[in-house]
Amino acid sequence: MHGRSQVPAPRNEPPRLYGPGSPEKAPLKAAVAKMAERPLEVPLWIDGRAVTHAPVNVTSPHEHHRVVGLAHTATAAHVQQAIEAAETARPAWAELDYEHRAAVFLKAADLVCGPYRDRINAATMLGQSKTAHQSEIDAVCELADFWRFNVGFGQELMEEQPWSPKGMWNYQELRPLDGFVFAITPFNFTAIAGNLPTAPALMGNTVLWKPAPTQMVSAQVIVEILQEAGLPRGVINMVAGDPALIGEVAMSHPKMAGLHFTGSTRTFQHLWSQVGQNIGRYASYPRIVGETGGKDFIFIHPSASNVQALSTAIIRGAFEYQGQKCSAASRVYVPKSVWSKLEPVLLDTVATLKTGDVQDFRNFMGAVIDERSFKKIKGYVDEARAQPDYEIRAGGTYDDGTGWFVQPTVVLSRSPESRLMREEIFGPVVTLFVYEDAELEATLDACDANPYALTGAIFADDRRVVAELTRRLRGAAGNFYINDKPTGSVVGQQPFGGSRASGTNDKAGSAANLMRWVSTRAVKETLVPPTDYRYPFLEES
């Protein structure tokens, strides 16, 4: 007989601070310097084996002539092989007791917080141009939190059971989907890259994983961690290369049972349309889970009086990780009465922000991810400089000589409906609309009318105002912050996701997300079955 196991209670991993003289600072710097010496080989991983083919350079965004990785690219045959490996591994992985699947990810969490901590931070800093702080809270803490809390949420789901009246026993089973899950992950969060393939895998699914080409260095470290944690061959198969080619093979396969996606709204809409076009091919209806774009807001009420807090929220919300967070503050609504006091504080503080190589810990910002992103952001900055409806109040410069650097930029817009107030920029550009205090209601309407609904924040001192703004903007953000910046959700505390053009709001880091990767079987057992078909109503007397 087996005892009923209880998984360890999850806890949030505390971030290291890397302050002056701290014991953790020198080892991290040494790990970054060592990794910068030689490009990291990043093969395809199919059925637990490294497969090499047509490697391409992965360069460092803040030093774009430095090659930090050699990422191998998949052919259509490789993708097909990876799917076959996932399908071969699926029965045994699905039959493995939950406790044993959970143990893999609990061990992975301890590995990322222990012996792999400096290595995954170094990979994220060099490959994605994150500062030590931004890498620490992402690649270590959030990734470990996903793995630990998902294990706890999975157990909670299995413990939810239906009521059993007298004479019967009702229960439900959670089994994996009828095929593989296709996980497509972005460059901007190493933790998301680790969570999207592993959340379905925890629940018994096998996975085809396609990381972003600019995240391949830290993706390789994730594979190393999962392998050391004991993940069986074929459970998660990593392929890289042409996204159209990989997507065509995966999305048209009859056994594609789920899509776990984080990326652009346009790409997600295209993938959804592919599911529709292929719906007659599939063995089951695929589960579609996506977190996409954001045009995240800070709405300031005239009662908000702490201008230092407002300035800090705007700067951290808009410029941490170069504004390349789905949740980054990109539009701010500020009343005229507050702007007169906020403006000098905000602009003076922005002037102190340093941008450069993230190996220099004095820099607040690194570079944007690649040339394509640089040109897109540059286009918005140039428009702000050229159009009379805008005024650049800080920044507005860029330099691609050494790396893809864009200075933190503050733009004033004369309209709440301007392009820079409506479109996702995904860079260190924040646009402010200064409204007349008497125009509060109309400005709230403009804020709520945005097509995105990922994150948003309000600032107000008056509690009645807080309650009213929270009600008015209920549909404007899936993650809503009161007197704080709209970034920095923590697994187990603020499950993350939004609606409208921002995604399916299935809340990464929650039980709700894990439920999308299982199929429920309800079982009824009658303890003493009836032996006579006749019911009492059949008798007249």
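By the 30° and 60° cut-offs, the orientation of the rings of Phe187 relative to Phe426 is perpendicular. Note: Phe105 and Trp147 have tilted aromatic rings, judged against thresholds of 30 and 60 degrees for the angle between ring planes. Between Trp272 and Phe268, the angle of the ring planes goes over 60°, which puts this pair in the perpendicular group of the 30/60° scheme.
Remark: Lys485 NZ to Ile298 CD1 distance equals 9.5 Å, nearest 0.5 Å. The CD atom of Glu84 sits 11.0 Å away from the CZ atom of Phe180 when rounded to the nearest 0.5 Å. The distance from the CZ atom of Phe496 to the CD atom of Glu291 is 5.0 Å, given to the nearest 0.5 Å. If you take CZ on Arg500 and CG on Leu454, they are separated by 11.5 Å, rounding to the nearest 0.5 Å. In this structure, CD on Gln322 lies 9.0 Å from NZ on Lys130, to the nearest 0.5 angstrom.
Taking 4.0 Å as the cut-off between side-chain N and carboxylate O, Asp47 and Arg49 count as a salt-bridged pair. Ion pairing of Glu37 with Lys34 is absent here, as no side-chain N (NZ or NE/NH1/NH2) approaches a carboxylate O to less than 4.0 Å. The pair Lys107-Glu228 does not count as a salt bridge, with every side-chain nitrogen at least 4.0 angstrom from each carboxylate oxygen. A salt bridge between Arg422 and Glu417 is present, with a side-chain N of the basic residue lying under 4.0 Å from a carboxylate O of the acidic one.
The closest donor-acceptor contact from the side chain of Asp145 to the backbone of Glu13 lies under 3.5 Å. The backbone N or O of Gly396 lies less than 3.5 Å from no partner atom in the side chain of Gln407, so there is not a single donor-acceptor pair. Formation of a donor-acceptor pair under 3.5 Å by the His62 side chain with backbone atoms of Ser129 is not found in this model. When atom types are taken as modelled, the side chain of Thr292 and the backbone of Ala501 share a donor-acceptor pair closer than 3.5 angstrom.
You'll find the side chain of Leu106 stays beyond 4.5 Å of the side chain of Asp110, heavy atoms only. In this structure the side chain of Pro43 reaches within 4.5 angstrom of the side chain of Gln220, judged on heavy atoms. With contacts defined as side-chain heavy-atom distances shorter than 4.5 Å, the pair Ile137/Gln134 qualifies. Annotation: side chain of Asn150 is in contact with side chain of Leu514 (closest heavy-atom distance under 4.5 Å). The side-chain heavy atoms of Thr124 and Asp138, taken from C-beta on, include a pair separated by under 4.5 Å. Taking the side chain as every heavy atom from C-beta outward, Val430 and Phe319 approach each other to under 4.5 Å. Residues Asn513 and Lys507 are not in side-chain contact: their nearest non-hydrogen atoms beyond the backbone lie 4.5 Å or more apart.
Under the 6.0 Å cut-off for aromatic ring centres, Phe182 and His253 do not qualify, their centroids lying 6.0 Å or more apart.
For the side-chain contact (heavy atoms from CB on, under 4.5 Å) test with Val239, the passing option among Ile83, Leu245, Ile246 is Ile246; the others fail.
No donor-acceptor contact under 3.5 angstrom links the side chains of Thr267 and His270, judged on distance only.
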- Test side chain to side chain donor-acceptor pair (under 3.5 Å) applied to Asp382 and Tyr398, step by step: CA-CA 10 Å; Asp382 290 345; Tyr398 39 77; 2.6 Å; yes
